Number of protein chains: 2
Amino acid sequence: MNALLSHTEENYLKTLIKLVLENANSEAGTNELASHLAVKPATANDMLKKLKEKGLVSYEKYGKINLTNQGTKIALEIIRKHRIWETFLYEKLDFSWDEVHDVAEQLEHIKSDKLIDKLEKFLDYPEFDPHGDPIPNKEGKFKVQHKTTLAEIAVGKSCKMIAVKDNSNSFLQYVVKVGLGINNEIKVLSRQDYDAMMLIEVNGQQSSVSQKFAENIFVVFD
Amino acid sequence: MNALLSHTEENYLKTLIKLVLENANSEAGTNELASHLAVKPATANDMLKKLKEKGLVSYEKYGKINLTNQGTKIALEIIRKHRIWETFLYEKLDFSWDEVHDVAEQLEHIKSDKLIDKLEKFLDYPEFDPHGDPIPNKEGKFKVQHKTTLAEIAVGKSCKMIAVKDNSNSFLQYVVKVGLGINNEIKVLSRQDYDAMMLIEVNGQQSSVSQKFAENIFVVFD
DNA sequence: TTTATTTGTTAGATACCTCTAACTTTTATA
DNA sequence: TATAAAAGTTAGAGGTATCTAACAAATAAA
Ligand SMILES: [Mn+2]
Ligand SMILES: [Mn+2]
Ligand SMILES: [Mn+2]
Ligand SMILES: [Mn+2]
């Protein structure tokens with residue numbers, strides 16, 4: 001059934017589904033794909049032909065790229081594995097928030113349905129990973145949370161942090177430094193007209209954060 | 001320091017150390033290596049040149065193959081990872097005896113010292129894997145047990161099973177079926193002169209086992 | 001609507017890992 | 001010791017994943 005893909009092919013699918021999901025227009029381009037995978041457009045183009053040949057992506061020459069149903073299914077399986085492994089590393093092995101991603105990038109390619117299912121059970125069926133991202137279940141379904149960014153919360157209002165948008169190590173470390181974490185209550189005390197710098201309060205601690213920072217914190221209204 | 005090796009290179013080193021250790025004469029041959037890796041001798045020969053170039057194996061044209069100190073160090077690290085992962089799968093995820101090996105073959109190539117050290121701690125520093133094989137520590141040291149095979153135990157004597165020699169799925173499943181497991185006490189009731197078939201008793205259960213079977217069960221005297 | 005810029009594609013090359021077929025060296029056997 | 005068998009090596013080739021450089025198409029700007 002699952003036509004044994006290489007690490008590389010899996011990484012292309014995973015990147016494609018991320019682009020397709022966040023692009024809103026539900027499609028991706030060659031250059032965009034290449035840059036996210038840190039390869040040259042020519043390389044990505046070759047791989048796209050191969051993935052099309054295998055029925056995992058649909059696209060025509062000079063057209064936009066989409067995943068087929070089969071491609072989407074596989075991509076979600078990889079995301080599922082990635083997030084379950086991140087949860088394992090964080091919950092059981094005491095890895096920190098910013099350390100889990102790189103190792104999960106390797107672990108997500110381990111081929112064993114039994115392994116990931118048993119790991120999921122061992123973790124007691126987690127629904128979200130350490131960054132607040134939803135973990136797809138075996139059927140590829142996951143909890144969709146209505147989320148806003150901290151940048152959009154009005155002055156005087158409170159909200160709860162549920163996830164981060166940027167998953168880079170430097171951002172994650174910065175978030176920790178500011179005293180923020182998943183499920184923390186955040187109160188917006190003020191916002192500058194000039195540059196949208198915000199003063200926020202978390203656990204009684206006040207911090208000043210930039211617009212760029214606030215745009216990468218996902219929150220829900222209280 | 002550790003010049004990032006490919007999965008393939010790591011598998012060659014791991015196979016080499018096994019051959020070198022079990023060959024007693026402490027060396028291996030090209031054909032032998034190739035057959036263990038399920039590749040053709042020509043392929044193994046190419047890789048040997050490459051590993052020699054990298055300073056991991058020492059050998060001269062038409063001569064015998066040995067690992068260098070650096071090659072030995074890396075090979076032991078891979079074995080360490082393999083056995084720690086097997087222990088994790090068996091102890092924490094309820095994998096059975098015969099299921100752990102194949103998944104560990106993949107997991108052993110994950111590159112993260114932190115991961116394997118934290119996993120080792122999580123498992124409370126195990127010294128032996130589920131098959132009774134010793135787990136090298138970070139320095140590559142491991143417990144050496146003086147072991148004999150069941151085939152060598154005299155009639156009327158008892159011994160304790162400490163490991164299996166053959167790690168194949170079919171053998172492991174057979175061992176379970178016979179009612180045997182690590183740390184079981186085995187009493188040798190009789191042995192046929194003709195074909196060395198043995199009658200043994202384990203946990204009050206009597207079984208008849210072949211010489212080939214007995215030669216693959218490692219035991220220690222009581 | 002012509003031109004410039006961005007985006008995407010092709011051609012040709014390299015590194016890695018593998019193979020088959022032919023050859024050479026070493027070891028075992030008669 | 002001459003010959004046969006086994007073990008090991010080389011040459012030549014193919015698939016995958018990558019690159020650079022040159023080209024083509026689509027889109028944005030003038
Ligand atoms: Mn991640
Ligand atoms: Mn995550
Ligand atoms: Mn094993
Ligand atoms: Mn084992």
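Quick note on labels: first sequence line is chain A, next is B, and so on, each numbered from 1. Computed from a predicted structure; not experimentally measured.
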Q | Integer-rounded Å distance: C:dC16 P and B:L4 CG | A | 13 Å
(Q) Going by side chain to side chain contact (heavy atoms under 4.5 Å, CB included), name the residues that satisfy it together with B:Y62, two or more places apart in sequence or in a different chain. (A) none
Please write out each protein N/O paired with an N/O of nucleotides 5-9 of chain C under 3.5 Å, distance rounded to 0.1 Å.
from: C:dG8; atom 1: OP1; to: A:T30; atom 2: N; distance (Å): 3.4
from: C:dG8; atom 1: OP2; to: A:T30; atom 2: N; distance (Å): 3.2
from: C:dG8; atom 1: OP2; to: A:N31; atom 2: N; distance (Å): 2.8
from: C:dT9; atom 1: OP1; to: A:Y62; atom 2: N; distance (Å): 2.9
from: C:dT9; atom 1: OP2; to: A:T30; atom 2: OG1; distance (Å): 3.2
from: C:dT9; atom 1: OP2; to: A:N45; atom 2: ND2; distance (Å): 2.0
from: C:dT9; atom 1: O5'; to: A:N45; atom 2: ND2; distance (Å): 3.0

**Q.** Heavy-atom closest contact (B:T148 atom, B:F221 atom, distance)
**A.** OG1-CE1, 3.9 Å
Q. C:dT27 P sits how many Å from B:E27 CD, rounded?
A. 11 Å
Q: Flag the pair B:K14 and B:E105 as a salt bridge only when some basic side-chain nitrogen lies within less than 4.0 angstrom of an acidic carboxylate oxygen.
A: yes
Q. In whole Å, what is the span from the NZ atom of B:K40 to the C1' atom of D:dG12?
A. 17 Å
Q. What's the CD-P distance between A:E9 and D:dG15, to the nearest Å?
A. 15 Å
Q: Take atom CD of A:E53 and atom P of D:dT16, then tell me their distance rounded to the nearest Å.
A: 11 Å
Q. Considering residues at least two apart in sequence or located in another chain, which fulfil the side chain to side chain contact (heavy atoms under 4.5 Å, CB included) criterion with A:S26?
A. A:V20
Q: If a pair satisfies ring pair (Phe, Tyr, Trp, His ring centres under 6.0 Å) and one of its residues is in residues 107-130 of chain B, list it, with sequence neighbours excluded.
A: B:H7-B:H109
Q | side chain to side chain contact (heavy atoms under 4.5 Å, CB included) partners of B:E60, counting only residues at least two apart | A | B:K52
(Q) In whole Å, I'd like the distance from the CG atom of B:D46 to the C1' atom of C:dT20. (A) 13 Å
Q. Atom CG of B:L37 to atom C1' of C:dC19: distance rounded to whole Å?
A. 15 Å
Q. Tell me, which of residues 10-19 of chain A have any heavy atom that sits under 4.0 Å from an atom in DNA chain C?
A. none
Q) How would you list all residue pairs meeting side-chain hydrogen bond (donor to acceptor under 3.5 Å, both in side chains) that involve residues 31-47 of chain A, not counting sequence neighbours? A) A:N23-A:E32
Q: Go through the structure and list residues passing side chain to side chain contact (heavy atoms under 4.5 Å, CB included) with B:V176, not counting sequence neighbours.
A: B:W97
**Q.** Residues in ring-ring contact (aromatic ring centres under 6.0 Å, His included) contact with B:F218, at least two apart in sequence or another chain
**A.** none
Q) Looking across every strand, which nucleic acid part, if any, lies under 4.0 Å from A:T8 by heavy atom: base, sugar-phosphate, or nothing? A) sugar-phosphate
Q | Integer-rounded Å distance: D:dT18 P and A:L33 CG | A | 11 Å
